[in-house]
Protein chains: 2
Amino acid sequence: MRTPSHPATESLQLAGIFHALSDPARLSIVTGLAEVEEQCCSDLDVPLSKSTLSHHLKVLREAGVTTTRVEGTRRLMSLRRDDLDLRFPGLLDAVLNAAREPADAH
Amino acid sequence: MRTPSHPATESLQLAGIFHALSDPARLSIVTGLAEVEEQCCSDLDVPLSKSTLSHHLKVLREAGVTTTRVEGTRRLMSLRRDDLDLRFPGLLDAVLNAAREPADAH
DNA sequence: TGGATAGTACGCAAAAGTTCGAACAAGCCG
DNA sequence: CGGCTTGTTCGAACTTTTGCGTACTATCCA
């Protein structure tokens, strides 16, 4: 298995990024990654099958939100912080900050 | 016709907002609203039919991104800046700023 | 009242997204 | 080598979204 391809920084589309973040499972994966920096597929605690999870990770990767690094039999995912910040300054921080907001109605 | 219902500020869902912003037509409507403050349906320059446009505006409204105010036979849309800022501080600004970024590959 | 304007609601078809299991590929370890 | 672990790919079923035309409601104006 070789390293999967990632879109170039310049070609990241805003609508595509929002689409990637519009699924609760994917949003939760992203917020999780913000805390641990690097995480492999099987360490995610999302109640979905292996193949579904793999699909979501692919969506995130193809939208340019995450990078995947191969290490042995595992794939370590991380956020493309620098690239996102270069292309859309402040966006990722705002997203992560918003996701940390309590969802309560006060 | 009476004023359509809008979700309460506290019940705004982040994933729902991203979903609303994930469609190019809706994202363009939002960025347009950021410039003119208030705009009615028929003033939008989106190449879509009236009914489709109405559908997109409904999605934006139900996600809590916009408000609709009735004035005569027209509906004036505007961004829910204050509410969004209260619930997800800085998010809308980051989104609008990102949308203003040139899409070139430099 | 009658007509024009502005937008919504409904029903439909096409396209896209979600989810899973099964089969496959690739690297590790005994 | 053979089996275990990790993850991808494929096909299928199902749901959601998108886009349109038509029909409808509501408001304004002559």
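Proteins come first, then strands; the chains are lettered A, B, ... in the order of their sequence lines, and each starts at number 1. For the numbers below, each heavy atom of this structure counts, side chains included, while hydrogens, waters and symmetry mates do not.
- A:Leu57 has its CG atom 10 Å from the C1' atom of D:dG7, to the nearest Å.
- One finds the CD atom of A:Glu10 at 8.0 Å from the CG atom of A:Leu12 (value rounded to the nearest 0.5 Å).
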Inset, instruction - Apply the test side chain to side chain contact (heavy atoms under 4.5 Å, CB included) to residues A:Leu96 and A:Val30: give CA-CA distance (whole Å), side-chain angles for both, the deciding distance (0.1 Å), then the verdict. - result: CA-CA 8 Å; A:Leu96 294 176; A:Val30 168; 4.0 Å; yes
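- For DNA chain D, the neighbouring residues in residues 25-50 of chain A, judged by any heavy atom under 4.0 Å, are A:Cys40, A:Cys41, A:Ser42, A:Lys50.
- Screening residues 57-67 of chain A for side chain to side chain donor-acceptor pair (under 3.5 Å), with sequence neighbours left out, gives A:Arg61-A:Thr68.
- Residues of residues 58-67 of chain B having a heavy atom closer than 4.0 Å to DNA chain D: none are found.
- Taking atom CG of A:Asp23 as the reference point, atom C1' of C:dT18 lies 8 Å away to the nearest angstrom.
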Donor-acceptor list for residues 33-47 of chain B side chains, cut-off 3.5 Å, not counting sequence neighbours:
residue	atom	partner	partner atom	Å
B:Glu38	OE1	B:Arg69	NH2	3.1
B:Glu38	OE2	B:Arg69	NE	2.8
B:Glu38	OE2	B:Arg69	NH2	3.1

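- Scored by the side chain to side chain contact (heavy atoms under 4.5 Å, CB included) test, B:Ser51 finds B:Ser49 as partners (sequence neighbours excluded).
- Of all nucleotides listed (C:dA26, C:dT8, D:dG7), C:dA26 comes nearest to the side chain of A:Thr73.
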Inset, instruction - Test side chain to side chain contact (heavy atoms under 4.5 Å, CB included) on B:Leu27 and A:Leu14 and set out the steps. - result: CA-CA 9 Å; B:Leu27 189 54; A:Leu14 194 55; 4.1 Å; yes
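- Close to D:dT8, at under 4.0 Å from its OP1 or OP2, lies no side-chain N or O of A:His55.
- In this structure, A:Ser54 reaches the D:dT8 phosphate: one of its side-chain N or O atoms is under 4.0 Å from OP1 or OP2.
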Legend entry - Pair B:Leu60-B:Ile29, side chain to side chain contact (heavy atoms under 4.5 Å, CB included): steps then yes or no: CA-CA 9 Å; B:Leu60 286 170; B:Ile29 290 170; 3.9 Å; yes
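- Between the P atom of C:dT8 and the CE atom of B:Met77 lies a distance of 8 Å, rounded to the nearest Å.
- Between B:Gly16 and B:Ala63, the shortest heavy-atom distance links the atoms O-CB, 3.7 Å.
- When each of A:Val95, A:Asp83, A:Ile17 is tested with A:Phe88 by the rule side-chain contact (heavy atoms from CB on, under 4.5 Å), just one qualifies, namely A:Ile17.
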Inset, instruction - Carefully, step by step, assess B:Arg100 and B:Thr31 under the rule side chain to side chain contact (heavy atoms under 4.5 Å, CB included). - result: CA-CA 8 Å; B:Arg100 262 190 295 274; B:Thr31 56; over 6 Å; no
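- Note: NE2 (B:His56) to P (D:dT17) measures 12 Å, nearest angstrom.
- Straight-line distance from the CZ atom of B:Arg75 to the P atom of C:dT5: 17 Å, rounded to whole Å.
- Atom CZ in A:Arg74 sits roughly 12 Å away from atom C1' in C:dG27 (whole-Å rounding).
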Legend entry - Under 4.0 Å protein heavy-atom contact, by nucleotide of nucleotides 10-16 of chain D - B base, S sugar-phosphate only: -------
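- Taking the side chain as every heavy atom from C-beta outward, A:Leu21 and A:Arg26 never approach each other to under 4.5 Å.
- In terms of position on DNA chain C, the residue among A:Gly72 and A:Leu53 whose nearest nucleotide sits closer to the 5' end is A:Leu53.
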